[in-house]
Amino acid sequence: MLDATTDLKSLLKDPSLLETRAYINGKWVDGDNGTFAVTNPARGDVIAEVADVSRAQAAAAIDAAYAAQKEWARHTGKERAAILRKWYDLMMANSEDLGIILTAEQGKPKAEAIGEIGYGASFVEFFGEEAKRVYGETIPGHQRDKRITVIKQPIGVAASITPWNFPNAMITRKAAPALAAGCAFVARPAKETPLSAIVLAVLAERAGIPAGVFNVVPSSKSSEIGKEFCENPKVRKLTFTGSTEVGRILLKQAADQVLKCSMELGGNAPFIVFDDADLDAAVEGAMICKFRNNGQTCVCANRIYVQAGVYDAFSEKLAAAVKKLNVGDGLTAGVTTGPLINGDAVEKVKEHLEDVVSHGGKVLTGGNPHALGGTFFEPTVVTGVTQDMLVARDETFGPLAPLFKFDTVDEVIELANDTIFGLASYFYAKDLSRVYKVAEALEYGMVGINTGLISTELAPFGGVKQSGLGREGSHHGIDEFMEMKYLCMSL
Ligand SMILES: NC(=O)C1=CN([C@@H]2O[C@H](COP(=O)(O)OP(=O)(O)OC[C@H]3O[C@@H](n4cnc5c(N)ncnc54)[C@H](OP(=O)(O)O)[C@@H]3O)[C@@H](O)[C@H]2O)C=CC1
Ligand SMILES: O=C(O)[C@H](O)CS(=O)(=O)O
């Protein structure tokens, strides 16, 4: 248990992993703006004071990345692969300590945090291998004396801004393809969860990633660092994961330089249960899809649509499963559901819940701040939810499962697509023609069919509409950090 009297280092097998300084050009440095506090969301205690980097220091990190990138790109893909493999091996060998650090600053249960370390490491493993497979092409010439060749080259310096909900994996999902491609990288983590980013730099240094290739600039002033990333001409790629609102700000700032951007933004996932679904499987899928990370993921089920014929049966089964969740401190064994990240997150859950109830919805289970107090909230299921309610439009990002009733396939497709977002979607059905019709009609970048968990390094993760630009993961992911060059040779 972590409390005001227990030092986080005392929980680690290797206390040297808990670093609080910034990592710039292979050196550990203090912040020009002093430090900012990192708190444990389960208890509110300050667990670390972290270097608060200035905009000038972020610019220095970009300079270091710019200088180091040329030599890093001269490494062969095979040489980069070997170094990335060492980084992967170190992440896996220290996964329990990295999980404890992650739980301490983000709150998710330790088992889930260690799972995130494995998920984050899988991107390093995968793209390390992809470094050896960046292929070009030759194209038959358009004239007898012409020869056409296409080559791919690293884009240069990549800068990343990432959220607090997956403080390890959201960085490696960007840094791994960037480094594999031959880019250099400057990471600015969320102020709530900088420790997980910094420890990645500790392990990068141990893995032999050269100075300047991977930099971490923690800061309490996200907008200042973001402006440096968008305005500094040495940055050739901005990769962001977070809300659509902030994504819009960054895209506007990036426009002046026509800066290449990848955006993994907000979601509003529909989870649809048809009357021919395996209800027990659908409940299992809804539980992982809705309550993973306490509902704080961009691909969580935000709206659960259940066909009328199975609505009551599914509602009862889901409520029974939700009652079994064990809410508590993520460092306590057996806990399945931790705290929300902060008070604002609690207020958003309450706002959506009160809106449902005030418009006639009914609470099946939960519905209150948890007896543990602080940012703990009871996992909640509500019925009688309709499309005009807040929860149908906005992402709750918390443990609220709203059940909507529908009658026909065409009706639920229209309801599911009635949003500005288009990240993840899910449905449970058996009829093959229905599966094809619904999968093709859903306006989303990703569709889970008879599963509530779709995230893997092997697949292209990303959204359409206002859920983002580009894809992360899969062999497509490395292209986000490459430029294609066309060579036309005259014989
Ligand atoms: N599509 C995806 O893969 C994902 C999407 N999301 C979405 O993000 C939201 C939850 O995450 P949350 O962290 O609250 O999202 P935010 O968009 O508020 O923050 C994301 C990151 O952006 C930083 N930031 C905020 N404002 C600015 C700015 N003006 N300039 C530069 N950087 C800025 C934040 O820094 P700081 O916090 O330090 O202020 C944080 O590091 C949800 O909408 C969720 O759906 C989250 C994860 C994955
Ligand atoms: O930040 C998120 O919500 C992640 O992208 C979700 S996942 O990749 O872990 O599914």
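All ligand and atom numbering here is 1-based and tracks the order in the structure. Since this is a predicted model, take the numbers as computed values, not measurements.
Salt bridge absent: E480 and K260 never bring a charged side-chain N and a carboxylate O closer than 4.0 Å. Remark: E347 engages K350 in a salt bridge, criterion side-chain N to carboxylate O under 4.0 Å. Classification of D89 and R85 as a salt-bridged pair holds, one side-chain N sitting under 4.0 Å from a carboxylate O. Ion pairing between a basic and an acidic side chain is recognised when a charged N comes within 4.0 Å of a carboxylate O; E112 and R292 show no such pairing. Between E231 and R55, at least one side-chain nitrogen of the basic residue sits less than 4.0 Å from a carboxylate oxygen of the acidic one, meeting the salt-bridge criterion.
For atom 30 (N) of ligand 1, the nearest protein heavy atom (residue, atom name, distance) is S223 CA, 3.5 Å. The protein heavy atom nearest to atom 12 (P) of ligand 1 is W164 NE1, 3.4 Å. Among all protein heavy atoms, the one lying closest to atom 6 (N) of ligand 1 is G242 O, 3.4 Å. Protein heavy atom at the shortest distance from atom 8 (O) of ligand 2 is Y119 OH, 2.7 Å. Closest to atom 34 (C) of ligand 1, if we only count protein heavy atoms, is R188 NH1, 3.7 Å.
The shell of residues lying under 4.0 angstrom from ligand 1, judged by heavy atoms, includes F240. The closest approach between any non-hydrogen atom of R248 and ligand 1 is not below 4.0 Å. Residue F461 places a heavy atom less than 4.0 Å from ligand 1. Note on ligand 1: E245 sits outside its first shell, no heavy atom being nearer than 4.0 Å.
Remark: I209 CD1 to L84 CG distance equals 5.5 Å, nearest 0.5 Å. Here CD of Q57 is found 5.0 Å from CD1 of I24. Values are rounded to the nearest 0.5 Å. The CZ atom of F127 lies 10.0 Å from the NE2 atom of H475; values are rounded to the nearest 0.5 Å. Going from atom CD of Q296 over to atom CG of N165 covers 7.0 Å, rounded to the nearest 0.5 Å. In this structure, I114 CD1 and I117 CD1 are separated by 8.0 Å, a value rounded to the nearest 0.5 Å. Expressed to the nearest 0.5 Å, how far CG of D394 lies from CG of N302 amounts to 8.5 Å.
Heavy-atom contacts of L423 reach the following atoms of ligand 1: 1 (N) (cutoff under 4.0 Å). Those atoms of ligand 1 that come under 4.0 Å of a heavy atom in L265, given as number and element, are 1 (N), 2 (C), 4 (C), 5 (C). Set against the non-hydrogen atoms of R292, the atoms of ligand 2 under 4.0 Å away are 7 (S), 9 (O), 10 (O). Heavy-atom proximity to T297, at under 4.0 Å, picks out these atoms of ligand 2: 3 (O). Atoms of ligand 1 lying under 4.0 Å from any heavy atom of G266, numbered from 1 in the order shown and given with element: 45 (O). Heavy-atom contacts of V299 reach the following atoms of ligand 2: 6 (C), 10 (O) (cutoff under 4.0 Å). The P163 neighbourhood of ligand 1 comprises atoms 11 (O), 13 (O), 46 (C), 47 (C), with distances under 4.0 Å to a heavy atom of that residue.
Geometric assessment of R173 against the ring of F461 yields a positive cation-pi assignment under the 6.0 Å and 45° thresholds. Geometric assessment of K174 against the ring of F481 yields a negative cation-pi assignment under the 6.0 Å and 45° thresholds.
Contact annotation for M446 and ligand 2: no heavy atom of the residue comes within less than 4.0 Å of the ligand. Within the 4.0 Å heavy-atom criterion, the part of R173 lying near ligand 1 is the side chain and not the backbone. Residue contacts with ligand 1, taken as heavy atom pairs separated by less than 4.0 Å, do not involve Q296 at all. Heavy atoms of Q296 found under 4.0 angstrom from ligand 2: none, in either backbone or side chain. The side chain of N165, and not its backbone, has at least one atom closer than 4.0 Å to an atom of ligand 2 (non-hydrogen atoms only; side chain from C-beta on).
Looking at S455, G266, P167, G267, it is S455 that brings a heavy atom closest to atom 7 (S) of ligand 2. Of all the listed residues (E264, E116, R173), R173 holds the heavy atom that lies closest to atom 5 (O) of ligand 2. Across G267, C298, S243, heavy-atom proximity to atom 15 (O) of ligand 1 is greatest for S243. Looking at I249, L250, N165, T193 and measuring to atom 47 (C) of ligand 1, the nearest heavy atom belongs to N165. For atom 42 (C) of ligand 1, the nearest non-hydrogen atom from the set K227, E472, E395, E192 belongs to E395. When the heavy atoms of V246, N302, I161 are ranked by distance to atom 27 (C) of ligand 1, first place goes to V246.
For N268 and R303, the side-chain atoms include at least one donor-acceptor pair closer than 3.5 Å. Between the side chains of S196 and E105, at least one donor N or O sits under 3.5 Å from an acceptor N or O.
Atom 17 (O) of ligand 1 is approached by the protein to below 4.0 angstrom, counting heavy atoms only.
Taking the side chain as every heavy atom from C-beta outward, Q466 and T419 never approach each other to under 4.5 Å. Using a 4.5 Å heavy-atom threshold, the side chains of V217 and R188 count as touching.
Between C298 and ligand 2, an N or O atom pair is found at a separation short of 3.5 Å. Between T162 and ligand 1, an N or O atom pair is found at a separation short of 3.5 Å. The shortest N or O to N or O distance between T241 and ligand 1 is not under 3.5 Å. Where the criterion is an N or O separation shorter than 3.5 Å, residue side chain and backbone included, K191 meets it with respect to ligand 1.
Looking at F406, F314, Y426 one by one, the single match for ring-ring contact (aromatic ring centres under 6.0 Å, His included) with F274 turns out to be F406.
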